[in-house]
Amino acid sequence: MERIPVRTAASTYDVIVESGCLDRAAELVAPVVGDRRIFVIADEGAWAAQGARLERGLAGLRFETLPVKLGEDRKRLSVVEELTERLHERGADRSAVVLAFGGGIAGDVAGFVAASYMRGVDVIQCPTTLLAQVDAAVGGKTGVNLRTGKNLVGAFHQPRLVLMDPQTLRTLSPRELGAGLYEVIKHGVIWSRELFDRMAEGRDRAKAGDPDLFEYAIAESVRIKGEVVEKDEREGGLRRILNYGHTLGHALEAETEYKLLLHGEAVAWGMIAAGRLGEAVGVTPSEERRRIEDVILSYGPIPSLEGLDAEKVAARVSGDKKTIGGKVHFILPEKIGQTLVLSGIPHEKVIEAAQSALDAVAAGAVV
Ligand SMILES: NC(=O)c1ccc[n+]([C@@H]2O[C@H](COP(=O)([O-])OP(=O)(O)OC[C@H]3O[C@@H](n4cnc5c(N)ncnc54)[C@H](O)[C@@H]3O)[C@@H](O)[C@H]2O)c1
Ligand SMILES: [Zn+2]
């Protein structure tokens with residue numbers, strides 16, 4: 001078992017990464033909740049696949065389950081209203097503890113419910129997708145979408161405890177698993193050459209679902225994200241590096257109307273584009289760029305991006321909410337394990353990088 005402490009300004013919480021930890025959830029959760037009531041806000045899909053384990057694991061504690069149908073189109077304030085009303089109907093008071101169970105959507109929605117219900121109740125995150133384990137569940141960001149854009153309403157609300165059980169990944173689709181693996185590679189590129197190399201050489205084991213590799217990859221990702229977030233809780237500076245691959249990745253997601261690609265797949269393309277951009281502006285040495293690209297493509301396929309217009313994708317970059325004072329910041333690898341944040345890159349260079357990344361994926365993608 002790995003118990004990784006994450007320190008924030010307000011508190012310190014533990015992230016537990018352990019195969020089988022759902023089955024003994026009660027003993028891990030009890031020290032945090034005592035005899036308070038736990039309300040499990042559970043994504044229906046995750047609940048159907050893994051809920052029985054949590055239910056048995058929590059035996060002995062005061063808990064009840066609120067299953068909810070989620071999905072990107074249900075990550076909305078209306079669902080937050082629905083859930084907070086359900087909490088109130090069941091008599092949840094300020095001592096209630098919300099346990100968010102499911103992927104990143106459950107974490108974001110239930111986390112925001114916890115952040116706002118009665119001006120804030122405690123939340124325990126229990127992420128059940130790889131993406132949520134390596135990314136969404138650490139850092140305290142919660143929120144929902146607006147019709148006009150993703151994640152535009154929300155709050156920072158740090159969890160009291162995070163439970164990650166790599167066994168939950170057994171029921172996840174290979175495509176969802178693959179999307180999460182790209183975010184692990186991202187952590188390697190921005191922070192740890194060792195993680196990157198282990199993922200490069202462990203590709204076949206990762207694809208085959210090797211539990212030891214997953215435990216390692218999740219724990220390392222949590223450690224890296226935790227370290228970055230500790231130093232910069234609210235995204236003033238350093239935290240921006242977590243956005244590597246996301247500036248162009250988000251633009252691609254938007255351009256394909258969130259239908260063609262999973263988030264992690266868009267980020268994979270975004271990392272390739274960032275590498276090419278980095279090389280074009282003299283930040284990323286070409287052998288490092290190639291190595292990053294090879295490993296990303298080896299984890300593919302990324303769905304075919306044929307017919308996409310690089311200019312349109314690049315035009316969307318300036319609409320990203322992460323722009324600061326109208327300036328677009330790109331996170332460019334200086335070498336594997338180290339990045340540079342750069343703004344003021346000429347728009348033509350961004351278009352060129354987007355185009356050459358589209359070409360690279362077309363050459364490497366098999367679907
Ligand atoms: N808060 C953050 O810092 C942060 C960071 C990254 C992403 N996110 C958010 O995360 C969301 C994406 O998360 P996601 O990729 O986990 O998607 P998701 O929550 O939609 O889960 C993906 C699918 O897997 C199913 N599922 C979940 N766990 C399962 C399991 N163990 N077995 C079988 N099926 C299971 C779900 O029902 C769903 O259909 C986005 O909305 C994104 O904005 C938030
Ligand atoms: Zn991401």
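These numbers come from the heavy atoms of this one structure, side chains and all, not from hydrogens, waters or symmetry mates. Note that ligands are numbered from 1 as they come in the structure, with each ligand's atoms numbered from 1 the same way.
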Output the list of atoms in ligand 1 that are nearer than 4.0 Å to some heavy atom of [X], sorted by atom number.
{"X": "Asp135", "value": "5 (C), 6 (C)"}
{"X": "Glu72", "value": "40 (C), 41 (O)"}
{"X": "Lys75", "value": "9 (C), 40 (C), 41 (O), 42 (C), 43 (O)"}
{"X": "Asn151", "value": "43 (O)"}
{"X": "Ala46", "value": "27 (C), 28 (N), 37 (O)"}
{"X": "Ile105", "value": "10 (O), 11 (C), 13 (O), 18 (P), 19 (O), 20 (O), 41 (O)"}
{"X": "Asp108", "value": "1 (N), 2 (C), 8 (N), 9 (C), 43 (O), 44 (C)"}
{"X": "Gln50", "value": "31 (N)"}

Considering only heavy atoms, does Leu131 approach ligand 1 within less than 4.0 Å through its side chain, its backbone, both, or neither?
side chain
Structural part of Lys225 in contact with ligand 1, heavy atom criterion under 4.0 angstrom
side chain
Which of these, [options], has its nearest heavy atom closest to [atom]?
{"atom": "atom 5 (C) of ligand 1", "options": "Gly111, Ala132, Ala48, Ala136", "result": "Ala136"}
{"atom": "atom 28 (N) of ligand 1", "options": "Leu262, Thr128, Leu177, Leu70", "result": "Thr128"}
{"atom": "atom 13 (O) of ligand 1", "options": "Ser173, Gly139, Gly104, Ala137", "result": "Gly104"}

Within a radius of less than 6.0 Å around NE2 of His88, do more than 12 heavy atoms belonging to other residues, nucleotides or ligands occur?
no
Atom NZ of Lys335: over 12 foreign heavy atoms under 6.0 Å:
no
Is there a side-chain contact between Pro5 and Asp14 (heavy atoms, below 4.5 Å)?
yes
Is the closest side-chain heavy-atom distance between Val162 and Ile124 below 4.5 Å?
no
For the Zn ion (ligand 2), what is the closest N, O or S atom on [X]?
{"X": "Glu183", "result": "OE2"}
{"X": "His246", "result": "NE2"}
{"X": "His263", "result": "NE2"}

Carefully, step by step, assess Ser11 and Gln158 under the rule side-chain hydrogen bond (donor to acceptor under 3.5 Å, both in side chains).
CA-CA 8 Å; Ser11 62; Gln158 300 293 346; over 6 Å; no
Please report which non-hydrogen protein atom sits nearest to [atom], along with the residue it belongs to and the distance in Å to one decimal place.
{"atom": "atom 22 (C) of ligand 1", "value": "Glu176 OE2, 3.6 Å"}
{"atom": "atom 35 (C) of ligand 1", "value": "Leu172 CD1, 3.7 Å"}
{"atom": "atom 32 (N) of ligand 1", "value": "Thr171 OG1, 2.7 Å"}
{"atom": "atom 36 (C) of ligand 1", "value": "Asp43 OD2, 3.2 Å"}
{"atom": "atom 27 (C) of ligand 1", "value": "Thr129 CG2, 3.3 Å"}

Do protein heavy atoms approach atom 39 (O) of ligand 1 to less than 4.0 Å?
no
Full working for salt bridge (charged side-chain N to carboxylate O under 4.0 Å, His left out) between Glu288 and Arg291:
CA-CA 5 Å; Glu288 293 288 90; Arg291 171 97 175 118; over 6 Å; no
When you check the side-chain N and O atoms of [X] and [Y], is any donor under 3.5 Å from an acceptor?
{"X": "His187", "Y": "Ser221", "value": "yes"}
{"X": "Asn151", "Y": "Lys75", "value": "yes"}
{"X": "Thr171", "Y": "Gln50", "value": "yes"}

Decide, yes or no, whether a salt bridge links Asp23 with Arg56 under the criterion of side-chain N to carboxylate O below 4.0 Å.
no
With a 4.0 Å cut-off, would you call Arg37 and Asp93 a salt bridge?
no
Using modelled atom types and a 3.5 Å cut-off, is there a donor and acceptor pairing between side-chain atoms of Gln133 and backbone atoms of Pro127?
yes
Gln167/Ser19 under side-chain hydrogen bond (donor to acceptor under 3.5 Å, both in side chains): CA gap, chis, key distance, verdict
CA-CA 6 Å; Gln167 281 184 33; Ser19 184; 3.1 Å; yes
Any non-hydrogen atom of Lys150 lying under 4.0 Å from ligand 1?
yes
In this structure, CD of Glu194 is separated from OH of Tyr216 (nearest 0.5 Å) by 4.5 Å
